[in-house]
K.L.:
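Sharing a structure, written as structure tokens. Questions coming.
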Amino acid sequence: MEYLSRRYVTTIVHAISHNLWHHPHHVASFVSVWYYIELLYMMNIAIFFYPPILVASTGILIGIVLSIHILKLYIGDSINITIQLFMMDVHIAYSVGLTIAVIVSHATWYTVLIVVLRDIIATIELILVYTMTGSD
């Protein structure tokens, strides 16, 4: 039984690494789903500065555009791969800035949890930027 589970885990790790190195845009399309959570987070902040109907309509529009982007990214459209590289670059910088802000301030456990998840995603994005811009 232990042999089967070790073999199963090895197979899964091999499949993930194969997809990461040979089809990084597929992995990037799954990581991009995190941007929906970022969108909701930004909408919660924007609601204090802008009218709710404006925030809701902008959020819906950006959500639809993000959905189309994720689908085209999975297919492998070169323009969407370039857009994704830019979005990952901005998100990595944003994550580093927020991590420093949380370290400096006295944050709640919920904020720290979100920042840790954001840092995990940013680390995966860093690997994806490296694999998507590497030469074959």
Side-chain angles (χ1 to χ4, degrees):
M1 184 73 168
E2 186 176 320
Y3 174 72
L4 290 177
S5 65
R6 200 173 328 147
R7 185 174 181 187
Y8 177 73
V9 170
T10 305
T11 304
I12 294 296
V13 168
H14 182 267
I16 290 172
S17 67
H18 180 269
N19 273 339
L20 183 64
W21 294 110
H22 295 291
H23 306 288
H25 58 278
H26 288 177
V27 179
S29 66
F30 285 104
V31 171
S32 296
V33 174
W34 173 259
Y35 296 150
Y36 288 115
I37 296 170
E38 293 286 355
L39 176 63
L40 291 173
Y41 183 72
M42 292 297 171
M43 286 174 63
N44 284 334
I45 293 171
I47 201 88
F48 293 109
F49 301 107
Y50 302 105
I53 190 71
L54 179 66
V55 173
S57 359
T58 305
I60 290 170
L61 181 66
I62 292 172
I64 291 170
V65 170
L66 182 60
S67 297
I68 294 168
H69 167 71
I70 290 172
L71 290 172
K72 287 186 152 199
L73 178 64
Y74 186 81
I75 292 170
D77 188 20
S78 62
I79 293 173
N80 290 90
I81 291 173
T82 306
I83 291 170
Q84 181 64 26
L85 283 169
F86 175 75
M87 286 173 43
M88 288 189 301
D89 193 29
V90 169
H91 187 258
I92 291 167
Y94 173 73
S95 299
V96 169
L98 279 179
T99 301
I100 292 170
V102 165
I103 289 171
V104 171
S105 70
H106 299 287
T108 62
W109 67 271
Y110 176 74
T111 306
V112 171
L113 178 67
I114 294 296
V115 167
V116 166
L117 287 173
R118 187 178 283 131
D119 288 340
I120 291 169
I121 296 295
T123 305
I124 294 170
E125 286 176 339
L126 237 133
I127 296 168
L128 284 170
V129 166
Y130 175 75
T131 58
M132 290 171 78
T133 56
S135 61
D136 292 331

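Source: prediction; values computed, not measured.
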K.L.:
CE/M42 to CD1/I37 distance, rounded to the nearest 0.5 angstrom?
P.N.:
13.0 Å
K.L.:
Share the residues that join V90 in a hydrophobic cluster, the rule being Ile, Leu, Val, Met, Phe, Trp or Tyr side chains under 4.5 Å apart at the heavy-atom level.
P.N.:
F86
K.L.:
State which residues pass side-chain hydrogen bond (donor to acceptor under 3.5 Å, both in side chains) with T108; sequence neighbours excluded, sorted by chain then number.
P.N.:
T111
K.L.:
Looking only at heavy atoms, which two atoms of L39 and G59 are closest? And how far apart?
P.N.:
CD2-O, 3.5 Å
K.L.:
Quick one: salt bridge (charged side-chain N to carboxylate O under 4.0 Å, His left out) pairs with a partner in residues 75-89, sequence neighbours left out?
P.N.:
none
K.L.:
My understanding is that only residues two or more places apart in sequence, or in another chain, count here; which of them pass side-chain hydrogen bond (donor to acceptor under 3.5 Å, both in side chains) with S67?
P.N.:
Y36
K.L.:
For residues 51-70, which residue pairs pass the salt bridge (charged side-chain N to carboxylate O under 4.0 Å, His left out) check, not counting sequence neighbours?
P.N.:
none
K.L.:
What pairs with Y74 under side-chain hydrogen bond (donor to acceptor under 3.5 Å, both in side chains), at least two apart in sequence or on another chain?
P.N.:
none
K.L.:
Enumerate, atom names and distances included, each donor-acceptor pair closer than 3.5 Å involving a side-chain atom of residues 46-57, sequence neighbours excluded.
P.N.:
unit_1 : atom_1 : unit_2 : atom_2 : d
S57    : OG     : I53    : O      : 2.4

K.L.:
To check you understand the geometry: which heavy-atom pair defines the closest contact between A107 and V102, and what is its length?
P.N.:
CB-CG1, 3.8 Å
K.L.:
With no hydrogens and no angle check, just 3.5 Å: does a side-chain donor-acceptor pair link Q84 and H25?
P.N.:
no
K.L.:
To which residues is I60 joined in a hydrophobic cluster, defined by side-chain heavy-atom contacts under 4.5 Å among Ile, Leu, Val, Met, Phe, Trp and Tyr, whether direct or through other members?
P.N.:
I64, I68
K.L.:
Atom CG of L73 and atom CG of L66: how far apart are they, to the nearest 0.5 Å?
P.N.:
10.0 Å
K.L.:
If you look at every heavy atom in A28 and L128, which pair is closest and at what distance?
P.N.:
CA-CD1, 3.7 Å
K.L.:
Listing request: all salt bridge (charged side-chain N to carboxylate O under 4.0 Å, His left out) pairs with a residue in residues 107-122, at least two apart in sequence or in separate chains.
P.N.:
E38-R118
K.L.:
Are H69 and Y35 close enough that their ring centres sit under 6.0 Å apart?
P.N.:
no
K.L.:
Linking Ile, Leu, Val, Met, Phe, Trp and Tyr by side-chain heavy atoms under 4.5 Å, what else ends up with V96?
P.N.:
I100, V104
K.L.:
Under the salt bridge (charged side-chain N to carboxylate O under 4.0 Å, His left out) rule, what pairs show up with a residue in residues 59-72, not counting sequence neighbours?
P.N.:
none
K.L.:
Count the heavy atoms belonging to other residues, nucleotides or ligands that lie under 6.0 Å from CZ of F30, then report whether that count exceeds 12.
P.N.:
no
K.L.:
Taking everything shown except I45 itself, do over 12 heavy atoms lie less than 6.0 Å from its CD1?
P.N.:
yes
K.L.:
Would you name the heavy atoms of S32 and I70 that are closest together and state the gap between them?
P.N.:
CB-CG1, 3.7 Å
K.L.:
Who pairs with I120 by side-chain contact (heavy atoms from CB on, under 4.5 Å), at least two apart in sequence or on another chain?
P.N.:
V116, I124
